[in-house]
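Structure first, then comments.
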Amino acid sequence: MHIMEGFLPLLWAIMWYVVSIPFVLYGIMEIKKLFREHPEQKMILAVSGAFIFVLSSLKLPSVTGSSSQPTGTGVSSVLFGPAITSVMATIVLIFQAILLAHGGITTLGANVFSMGIAGPLIGWLAFKGMRSFKAGMIPSVFVAAVLADWVTYLVTSIQLALAYPGADIISSFTAFATVFAVTQVPLAIGEGIIMAIFFDFLLSNRPKMIREILKEKIGKASSETPGVAQ
């Protein structure tokens, strides 16, 4: 989904910066609060950021001006919420743009909004919604990771359609989203499985810390049988 350097018209490049900056600034404040109140969670946050960097660096060719890859934002959005995830994604996207020529500085605002804000926000809402209906922890993480990925690509399709509407924006969006769907549907499902396995590992090895982060009771059964927490 990384829109490449210089692909967006100047107006849209600036607009997506303006939209994304408030979310990232709020996320920085949330990270400062997290570090002040729960410094022991730095390691989990760093691991979540590493997941975003590694998975979102696995670039596959896609529609002109963009690419397909997992986003890796599911676990971070579930554990720390969309605001902190937006900061982690911004750091990753800056490094990728400078060191890997993946994405770009002029398109950073657009890429942050799709991968760091919109996708994690929907993934986080889906996780909270499923947990409120007593869905299992691992299925909830799977759905959150898949939706965080899919929504990222839907938003990227909207961004590209707005910048290059062609005959009309709806047709342009349909064209972009259709091409993305070929590669992104299986990628997102695979990412959901990886995130579910990783979360199951965390539940097995850091049940108390995960319980504290999520601020909900995982229950005795979950610590004895990780992966089936209710």
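- In this structure, a donor-acceptor pair under 3.5 Å is absent between the side chains of S48 and S76.
- D149 and T152 share no side-chain donor-acceptor pair at under 3.5 Å.
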Inset, instruction - Could you go through the ring-ring contact (aromatic ring centres under 6.0 Å, His included) check for Y164 and F7 one step at a time? - result: CA-CA 10 Å; Y164 299 97; F7 192 76; 5.0 Å; yes

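- Although no hydrogens or angles enter the test, the distance criterion places no donor-acceptor pair under 3.5 Å between the side chain of E191 and the main chain of V146.
- Using a 4.5 Å heavy-atom cutoff, the side chains of T71 and L55 are not in contact.
- Side-chain atoms of M115 and I52, non-hydrogen and from C-beta on, do get closer than 4.5 Å to each other.
- With hydrogens and angles left out, the side-chain atoms of Q69 and S57 include no donor and acceptor closer than 3.5 Å.
- Between S20 and G109, the closest heavy-atom pair is OG-O, 2.9 Å.
- Within the 4.5 Å cutoff, the side chain of M15 has heavy atoms near those of the V19 side chain.
- Between L203 and I138 the shortest side-chain heavy-atom distance falls below 4.5 Å.
- In this structure, T90 and V24 approach most closely via the heavy-atom pair OG1-CG2, 3.5 Å.
- Looking at H2, its side chain never comes within 3.5 Å of a backbone N or O of Q96 through a donor-acceptor pair.
- Smallest separation of non-hydrogen atoms from A145 and G192: CB-CA, 3.8 Å.
- Between P165 and L162 the shortest heavy-atom distance is CD-O, 3.7 Å.
- By the rule that hydrophobic residues join a cluster once side-chain heavy atoms approach within less than 4.5 Å of another member, L99 and I3 end up as members of one cluster.
- Tracing side-chain contacts under 4.5 Å through hydrophobic residues (I, L, V, M, F, W, Y), one never reaches I170 starting from I158; they form parts of separate clusters.
- The two residues G27 and V87 have their closest heavy-atom pair at C-CG2, 3.4 Å.
- No side-chain heavy atom of T107 sits under 4.5 Å from any side-chain heavy atom of W12.
- Annotation: the span from F35 atom CZ to K32 atom NZ amounts to 11.5 Å, rounded to 0.5 Å.
- A donor-acceptor contact closer than 3.5 angstrom links the side chains of E5 and T106.
- When all heavy atoms of A83 and Y26 are compared, the closest pair comes out as CB-CD2, 3.5 Å.
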Legend entry - side chain to side chain contact (heavy atoms under 4.5 Å, CB included) between K208 and E212, worked out: CA-CA 6 Å; K208 291 179 64 177; E212 181 180 345; over 6 Å; no

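- Classification of the F113-F23 ring pair by plane angle, with boundaries at 30° and 60°, yields perpendicular.
- To the nearest 0.5 Å, the span separating CG on L93 from CG on L100 amounts to 11.0 Å.
- When atom types are taken as modelled, the side chain of Q159 and the backbone of A110 share a donor-acceptor pair closer than 3.5 angstrom.
- Put simply, the side chain of V143 does not reach to within 4.5 Å of the side chain of F127, judged on heavy atoms.
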Inset, instruction - Run the numbers on F198 and F51 for ring-ring contact (aromatic ring centres under 6.0 Å, His included), then give the verdict. - result: CA-CA 10 Å; F198 176 62; F51 248 95; 4.3 Å; yes

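- Side-chain atoms of W16 and V112, non-hydrogen and from C-beta on, never get closer than 4.5 Å to each other.
- Connection of F80 to M29 is not established within any shared hydrophobic cluster, with ILVMFWY side chains joined at heavy-atom distances below 4.5 Å, either directly or through further cluster members.
- In this structure, L25 is not a member of the same hydrophobic cluster as I14, with clusters built from ILVMFWY side-chain heavy atoms closer than 4.5 Å.
- Of the inter-residue distances, the one linking L214 atom CG with M137 atom CE reads 5.0 Å to the nearest 0.5 angstrom.
- The OG atom of S171 lies 3.5 Å from the CG atom of D168; values are rounded to the nearest 0.5 Å.
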